[in-house]
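Some notes on the structure that comes next.
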Amino acid sequence: MGTYNTTSWQQKWMVILCGIGLMSGIFTPVVATHAAGLLVSDGPLGGVLENKEHDVKVMINNGIAVTEVTQVFVNQENRIVEALYTFPVPKNASVANFSMWINGKEMIGEVVEKERARKIYQSYKRQRKDPGLLEQVNYKRFEMRIFPIPARGEQKVKVTYYQELDVDHDWATYVYPLATVTQRDINQRTTSRFSLSLEVQSEVPITAMESPSHGGDFAIADHDPSYYQASLETKEGDLSQDLVVAYHLERPQSGMDLIHSKAKGEDGYFMMTITAGKELKEVNQGMDYVFLLDISGSMANESKLSTSRKSITAFVDALGKEDRFELLTFNVQPNTLFQTLQPVNEETLKRATEYLNSQRARGGTTLRPAIMAAYRYLHADRPLNVVILSDGITEPREHRELLELIDQRPSGARLFCIGVGNEVNRPLLRQIAEEAGGLAAFLSDRDDYDRQAQAFQRKLLRPAMNQVQLNFRGMETYDVEPRVLPNLYHGSPVRIYGRYRGSGSMTVTIEAEVLGQPFKQTLTMKMPKVDDGNPEIERIWAWQRAQRLLADQRRTSSSSSHREEIVQLCEDYSIVSEYASFLVLENDAEYSRWSIERRNAGRMIRDRAARTVRREKLRELSDRTVANLGPQEKPNRIQPTANSVSSNQASQPQPGQTPLATNRGRPVTRQSQNFNFNSGGGGGGGAIDSFSAALLLSLAGMGAWSYRRRDSA
């Protein structure tokens, strides 16, 4: 039992080849490149690798995306080379597998402490054997080293990463970032094929799917409210623009969704998702906004400043007639546009547009003075929302000062961070926003700015749950992450991960404050003895825990206080961090030689088996959709396909499974639990009258309080 409080790349594969002349043993330095089609290096020893194939498979299970990237490179040189392939860290992502094909066989990598992994890699290079190394260099970049690639030979590699998707106003967005700072004059295409296929399974119904970046190039299939597909394939694919796919979720009633993972004989894992439903009404209350635009030199890369301009313009245009705003730019010092808060009208919008268009990216980044200046715009009778648009690239010495400043923020002020581009300090921006009672979001230059702006505005007009307490009873739970939860905003669910021992019934009591009014709900849920259906949440739990430990280090300005614990997490759960790397060796005997346990090899067998089972179940939904096409003169005689089951069979839940409400006449099964918040507790739906009434009373009270404060002022 425990109590937890809440106050509150893909890619671009930006590609660089460092050619290594075996006879000389010289490592050739490289410059930043702008391409994903070729891997190249500068200097006389530079080599060229052709990106022959680039295949991406994505499976999203209740907001957790597993991305498998398979690439085939061809060495165009008449000598052996070493490839250094760098790519940005996707948001909320950790590399969970790195494989190389050696002698026609896939060799799955293992995670090893970083310095040890590098020493082992270097020892094999001297012997001209087949090692591979994947490292996280810092918060924004991974590097993958492959050696040796034979003269005119091919090398096949696979990288798998897991990530938790952001949901903003019920839109979940997946970005495969291809637009990155790279070198000019490089062919940005594969010579053969580029493909991306995406499957989404969701307990919260999906109502729409689109690609803001590639529009009609994607084929989208709507099989069921719980299952959508998207696919893009092209010969000689362009790898210079981010691929963005977004899907809309709609939970009719506020509540919680639960999935779990438990191997036989081991402690289990769970993921709880708390979502505010569409019954929440908007607050008709004016708010104040101060937009802080980063115009430091780093914002010149990847069209970051241009993306920021478009975003602010869309955000300001989405404000209401009761709202006021100010624009503030900063690099080494802040500068303001109006010097006071202004209403949104034709004149102020024109001045804001002119001001934004006049900005140029130069100088360093000093964020602290800009936040201090923004706090001065707070009025006692109106909420103040400070919105930072930045890549978050500040001096490390400033990190602790920023976090201390967040702790000192005035009551009534919230801070939101919008990261721009693919090379962005996501951990810092996320920590700043969540500790300041706000949220962090991240924009691709291929996203839909108007949709993002409208979602942001609506979020602030809906009530938030804060001061949340979760109390678990009836079963031992431990290591719940995050320890401090962010506020619950409409359209942005909060996910909680944890461990549990045993099996059986567990009650969870949720206590919170909704606009000053108390809220309490007790739910009863069944924790299974075995569940092999959602193994990805185990690595996400470990990643969340490692990120929290790294955040603690930033707060204390200590670079190694939790290093040993983070390394242990990474090795146990096979995830990459700044302290641990993936190492691929030639065969199992070589792993034994270095006393490296084959943990990840076992995990990948289990993970891949779970995804195979999930795909089979999703294929049943797809087959039923196809079965409904064409003439239906004798519908009772339609036979199921080899991979499908009859509707009678499908309607009967299997052992350990809960029946899902019939969608479009096609029942499916699931290994999850769903609860609506209601007056009587328990799960599986029920009335929401008391919850809705409490929220409406809170909203009415907030509106009356707001106008009384304005009148008295």
Side-chain angles (χ1 to χ4, degrees), residues 2-6 64 89 92-98 109-120 133-142 161-164 261-263 266-271 396 399-400 403 425-428 430-432 434-435 470 472 476-486 495-501 535-583 594-600 602-603:
T3 299
Y4 303 88
N5 297 318
T6 74
I64 305 299
V89 176
N92 294 339
S94 177
V95 175
N97 184 52
F98 170 37
E110 296 292 339
V111 173
V112 179
E113 189 277 328
K114 189 172 186 176
E115 295 305 318
R116 182 174 182 237
R118 181 173 278 270
K119 288 178 182 178
I120 294 173
L133 182 69
L134 192 150
E135 301 176 306
Q136 182 170 346
V137 180
N138 52 35
Y139 64 83
K140 63 178 179 179
R141 190 170 83 252
F142 290 115
Y161 60 90
Y162 292 25
Q163 68 187 122
E164 182 186 65
S261 178
K262 194 173 190 298
E266 299 182 7
D267 287 356
Y269 302 77
F270 62 83
M271 181 182 80
H399 294 179
R400 183 178 180 182
L403 295 172
N425 194 340
R426 293 184 178 94
L428 177 64
R430 181 182 180 187
Q431 187 176 0
I432 288 173
E434 292 183 355
E435 293 190 13
L470 296 180
F472 301 87
E476 184 180 357
T477 60
Y478 62 99
D479 290 344
V480 174
E481 298 289 347
R483 290 186 175 179
V484 178
L485 299 179
R495 299 186 183 102
I496 302 113
Y497 301 86
R499 306 291 312 276
Y500 71 94
R501 291 190 174 97
E536 57 269 17
I537 66 175
E538 300 179 12
R539 299 204 211 215
I540 296 295
W541 169 85
W543 181 85
Q544 291 281 356
R545 189 170 180 82
Q547 292 303 302
R548 196 253 303 161
L549 294 171
L550 289 168
D552 289 347
Q553 289 186 170
R554 285 191 293 272
R555 177 167 291 284
T556 60
S557 297
S558 171
S559 60
S560 60
S561 59
H562 295 297
R563 182 185 182 105
E564 186 175 335
E565 184 176 356
I566 295 171
V567 169
Q568 192 64 55
L569 275 170
C570 292
E571 291 184 346
D572 288 348
Y573 290 87
S574 305
I575 57 176
V576 170
S577 75
E578 295 180 30
Y579 300 145
S581 305
F582 258 107
L583 181 68
W594 294 96
S595 300
I596 298 173
E597 292 186 46
R598 298 295 271 141
R599 295 186 182 100
N600 190 51
R603 279 193 175 274

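Side chains included, hydrogens not; waters and symmetry mates left out as well; all remaining heavy atoms used. Index from 1, following the sequence. This structure is a prediction, so every number in the text was calculated from the model and none was measured.
- Considering every non-hydrogen atom in both Ser94 and Trp543, the closest pair reads CB-CD1, 3.2 Å.
- Separation of atoms CD (Glu564) and CD (Gln568) is listed at 7.5 Å; rounding is to 0.5 Å.
- Here the closest non-hydrogen pair linking Arg116 and Glu113 is N-OE1, 3.0 Å.
- Contact between Tyr162 and Ile540 at its shortest, heavy atoms only, is CB-CD1, 3.9 Å.
- No donor-acceptor pair under 3.5 Å is formed between the side chain of Lys114 and the backbone N or O of Arg118.
- Using modelled atom types, no side-chain atom of Gln544 and backbone atom of Pro482 make a donor-acceptor pair closer than 3.5 Å.
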task: Step by step, work out the side chain to side chain contact (heavy atoms under 4.5 Å, CB included) result for Trp594 and Leu583.
output: CA-CA 11 Å; Trp594 294 96; Leu583 181 68; over 6 Å; no
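- Of the possible polar contacts, none joining the Glu538 side chain to the Tyr573 backbone as a donor-acceptor pair under 3.5 Å is found.
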Step-by-step salt bridge (Lys or Arg N to Asp or Glu O under 4.0 Å) determination, Arg599 to Glu110: CA-CA 7 Å; Arg599 295 186 182 100; Glu110 296 292 339; over 6 Å; no
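- Closest approach of Leu133 and Ala117 over heavy atoms only: CD1-CB, 3.9 Å.
- Partners of Phe98 according to the ring-ring contact (aromatic ring centres under 6.0 Å, His included) rule, which considers only residues two or more places apart in sequence or in another chain, do not exist here.
- Applying side chain to side chain contact (heavy atoms under 4.5 Å, CB included) to Cys570 and the options Asp572, Ile566, Val567 leaves one that passes, Ile566.
- Residues satisfying the ring-ring contact (aromatic ring centres under 6.0 Å, His included) criterion with Tyr497, sequence neighbours excluded, are absent altogether.
- Taking each heavy atom of Met271 and Ile537 in turn, the nearest pair found is N-CD1, 4.0 Å.
- Once rounded to the nearest 0.5 Å, the distance linking CD1 of Ile120 with CD1 of Ile596 reads 4.0 Å.
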message: Between Leu550 and Glu578, is the side chain to side chain contact (heavy atoms under 4.5 Å, CB included) condition met? List the steps.
response: CA-CA 10 Å; Leu550 289 168; Glu578 295 180 30; 5.6 Å; no
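- Residues Ile575 and Val111 are not in side-chain contact: their nearest non-hydrogen atoms beyond the backbone lie 4.5 Å or more apart.
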field: Pair Val480-Leu470, side chain to side chain contact (heavy atoms under 4.5 Å, CB included): steps then yes or no
entry: CA-CA 10 Å; Val480 174; Leu470 296 180; 5.5 Å; no
task: Starting from the C-alpha separation in whole Å, work towards a yes-or-no answer on side chain to side chain contact (heavy atoms under 4.5 Å, CB included) for Tyr500 and Phe270.
output: CA-CA 8 Å; Tyr500 71 94; Phe270 62 83; 4.0 Å; yes
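- Of all non-hydrogen atoms in Ala93 and Tyr161, the two that sit nearest each other are CB-CD1, 3.9 Å.
- Annotation for Glu565: atom CD counts as buried by contact number, over 12 foreign heavy atoms lying within 6.0 Å.
- No side-chain donor-acceptor contact under 3.5 Å links Arg499 to the backbone of Tyr269.
- A donor-acceptor pair under 3.5 Å is formed between the side chain of Arg539 and the backbone N or O of Ala96.
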